[in-house]
Amino acid sequence: VPSLWDVLTLDQLDDDLFRTRAIEDERDRLYGGQVAAQALLAAGATVPGDRVPHSFHAYFLRRGKAGASYDLRVIRDLEGNRYSSRRVEAIQDGELLFTMSASFQVPSLGHERQLAETIEAEDPESLEPNRLALLLSIDYRIPTHPEAEWLSPPHPGAKRFLPTRFWARCELALPDEPLLHAAVQTYISDWSSGMVAGHRGQWHPSTTLDHTMWFHRPLRLDDWVLFHLAPRNASGGRGWYSGTVHDRDGVHGTTFAQEGLYGRIRETE
């Protein structure tokens with residue numbers, strides 16, 4: 001049975017070239033969070049060991065094939081005194097699937113102030129465990145949240161229940177490597193959609209176009225973290241939402257934003 005380790009283990013073919021491992025999968029297309037997490041790991045493997053990721057911006061260009069390996073090519077844009085910049089290209093069967101620009105920095109002390117509001121949610125241990133075939137080795141739990149009326153039962157045409165507030169935790173023991181914990185956050189962050197909370201009538205979220213994350217403070221992903229997603233805008237056939245990730249003490253660790261196609265639900269017979 002494959003685990004998250006199978007997803008996050010890359011084979012290094014050259015200094016700046018990595019290959020993912022094929023994981024048997026019945027899905028017809030590649031999960032975007034998997035590609036983004038692997039790309040972040042590949043970029044991080046090429047920077048000095050004293051640097052941690054602080055942000056990335058990614059574009060999803062084509063639908064890759066699940067269950068098949070692909071290559072991750074890293075381009076070294078900058079090696080500064082405190083910051084490193086990398087680009088990553090994911091290539092499968094000669095086609096460019098995905099690109100990422102990622103930035104890494106030497107951790108440093110500075111002004112500390114948390115402005116994001118603390119999100120109220122029941123303790124994760126008191127909630128029912130959930131599993132998804134899409135997310136290997138991840139337990140997620142859904143607290144009460146204001147958008148629940150728009151999510152249950154799922155709106156017409158929905159393929160799965162998409163919460164906009166959920167606890168998540170990796171069931172594997174993770175080493176003290178900030179890059180790895182950031183990659184696990186990235187892996188989880190793409191599976192739901194904040195646009196579900198803004199659903200009205202015949203409109204629904206669809207394929208992801210681009211995805212950005214900013215890592216403000218380190219979070220441990222083998223402990224519970226709370227994802228909170230909120231719709232921000234719908235126009236031009238696209239929907240845009242933002243989200244935050246907090247630990248159990250309410251510490252704001254990460255902010256992310258995603259834009260995707262936002263269209264009409266097709267009538268089903």
Side-chain angles (χ1 to χ4, degrees), residues 4-5 7-21 30-62 64 69-92 95-108 110 170 174-191 208-221 225 227 240-245 252-260:
L4 186 55
W5 286 127
V7 172
L8 301 182
T9 300
L10 305 177
D11 295 321
Q12 189 164 3
L13 307 182
D14 205 342
D15 288 346
D16 299 324
L17 184 63
F18 301 81
R19 179 164 294 165
T20 66
R21 297 185 176 183
L30 203 54
Y31 167 51
Q34 172 182 324
V35 186
Q38 292 167 327
L40 185 63
L41 287 173
T46 69
V47 304
D50 62 346
R51 307 187 180 201
V52 298
H54 74 82
S55 67
F56 73 75
H57 194 110
Y59 283 95
F60 298 91
L61 306 178
R62 292 181 175 87
S69 64
Y70 44 94
D71 291 342
L72 298 165
R73 185 167 72 94
V74 180
I75 299 98
R76 306 186 185 218
D77 285 338
L78 172 71
E79 200 71 274
N81 291 330
R82 294 180 54 209
Y83 288 85
S84 299
S85 296
R86 299 290 187 266
R87 279 177 292 142
V88 185
E89 298 176 340
I91 301 169
Q92 187 179 62
E95 291 191 323
L96 184 62
L97 305 181
F98 166 97
T99 63
M100 171 185 285
S101 293
S103 185
F104 301 78
Q105 73 167 119
V106 177
S108 60
C170 179
L174 301 176
D176 296 331
E177 296 178 11
L179 174 62
L180 182 60
H181 289 266
V184 176
Q185 281 190 72
T186 303
Y187 177 71
I188 298 170
S189 67
D190 186 50
W191 81 268
T208 301
L209 296 174
D210 58 277
H211 190 52
T212 299
M213 298 189 79
W214 296 267
F215 303 102
H216 312 302
R217 300 174 179 88
L219 295 175
R220 289 203 65 91
L221 267 292
V225 294
F227 286 75
W240 180 80
Y241 71 90
S242 63
T244 57
V245 189
H252 177 204
T254 305
T255 300
F256 62 99
Q258 189 173 89
E259 186 177 48

Trainee: Just how far is it from atom CG of D11 to atom OG1 of T20, taken to the nearest 0.5 Å?
Mentor: 8.5 Å
Trainee: Between L8 and V184, does a side-chain contact (heavy atoms from CB on, under 4.5 Å) hold up when you go through it step by step?
Mentor: CA-CA 9 Å; L8 301 182; V184 176; 3.9 Å; yes
Trainee: Tell me if the centroids of the rings in Y187 and Y31 come within less than 6.0 Å of each other.
Mentor: yes
Trainee: How many angstroms lie between CG in L97 and OH in Y70, if you round to the nearest 0.5 Å?
Mentor: 8.0 Å
Trainee: Roughly how far, to the nearest 0.5 Å, is the CG atom of L61 from the CD atom of E95?
Mentor: 10.5 Å
Trainee: When you measure from the side chain of H252 to the backbone of T254, do you find a donor-acceptor pair of N or O atoms at a distance under 3.5 Å?
Mentor: yes
Trainee: W5 and P175: which non-hydrogen atoms are nearest, and at how many Å?
Mentor: CH2-CD, 3.9 Å
Trainee: Donor-acceptor check, side chain of R19 to backbone of L72, threshold 3.5 angstrom: yes or no?
Mentor: no
Trainee: Is the closest basic N to carboxylate O distance between R87 and D77 below 4.0 Å?
Mentor: yes
Trainee: Taking atom types as modelled, is there a side-chain donor on S108 or R82 under 3.5 Å from an acceptor on the other?
Mentor: yes
Trainee: Would you say the side-chain atoms of Q38 pair up with the backbone N or O of V7, donor to acceptor, closer than 3.5 Å?
Mentor: yes
Trainee: Do L179 and V52 touch side chain to side chain, with heavy atoms closer than 4.5 Å?
Mentor: no
Trainee: For L96 and E89, work out which heavy atoms get closest and say how close.
Mentor: CD1-CB, 3.6 Å
Trainee: So among D210, D190, T212, which one has a side-chain hydrogen bond (donor to acceptor under 3.5 Å, both in side chains) with Q258?
Mentor: D190
Trainee: Heavy-atom distance under 4.5 Å between the side chains of V74 and F18, does that happen here?
Mentor: yes
Trainee: Just to verify, what does T99 make a side-chain hydrogen bond (donor to acceptor under 3.5 Å, both in side chains) with, not counting sequence neighbours?
Mentor: none
Trainee: Taking the side chain as every heavy atom from C-beta outward, state whether C170 and L4 have any atom pair closer than 4.5 Å.
Mentor: yes
Trainee: Rounded at 0.5 Å granularity, tell me how far CZ in R76 sits from OG in S84.
Mentor: 9.0 Å
Trainee: Side-chain contact test, heavy atoms from C-beta onward, threshold under 4.5 Å: evaluate it for S103 versus S55 and give yes or no.
Mentor: yes
Trainee: Are F256 and F227 packed together at the side-chain level, in the sense that at least one heavy-atom pair is separated by less than 4.5 angstrom?
Mentor: yes
Trainee: Would you confirm whether Q12, through its side chain, and D14, through its main-chain N or O, come within 3.5 Å as a donor-acceptor pair?
Mentor: yes
Trainee: What heavy-atom pair brings R21 and T9 nearest, and what distance separates the two atoms?
Mentor: CZ-CG2, 3.3 Å
Trainee: Given the side-chain rings of F56 and H54, with only the six-membered ring counted for Trp, is the space between their centroids under 6.0 Å?
Mentor: no
Trainee: In plain terms, say whether D16 and R73 are close enough for a salt bridge, that is, a side-chain N and a carboxylate O under 4.0 Å apart.
Mentor: no
Trainee: Could you check if a side-chain atom of L40 sits within less than 4.5 angstrom of a side-chain atom of F215, using non-hydrogen atoms only?
Mentor: yes
Trainee: Return a table of donor-acceptor pairs under 3.5 angstrom between the side chains of residues 41-50 and protein atoms on other chains or two or more places apart.
Mentor:
{"from": "T46", "atom 1": "OG1", "to": "A43", "atom 2": "O", "distance (Å)": "2.8"}
{"from": "T46", "atom 1": "OG1", "to": "R86", "atom 2": "NE", "distance (Å)": "2.8"}

Trainee: Quick check against the 3.5 Å criterion: does H181 have a side-chain atom that pairs as donor or acceptor with the backbone of L221?
Mentor: yes
Trainee: Report yes if the side chains of S189 and H211 come closer than 4.5 Å at any heavy-atom pair, otherwise no.
Mentor: yes
Trainee: Looking at CD1 of I75 and OG of S101, how far apart are the two atoms once the value is rounded to the nearest 0.5 Å?
Mentor: 9.0 Å
Trainee: Within a reach of under 6.0 Å around CZ of R220, are more than 12 heavy atoms found that belong to other residues, nucleotides or ligands?
Mentor: yes
Trainee: Any side-chain heavy atom of L219 within less than 4.5 Å of one from V245?
Mentor: yes
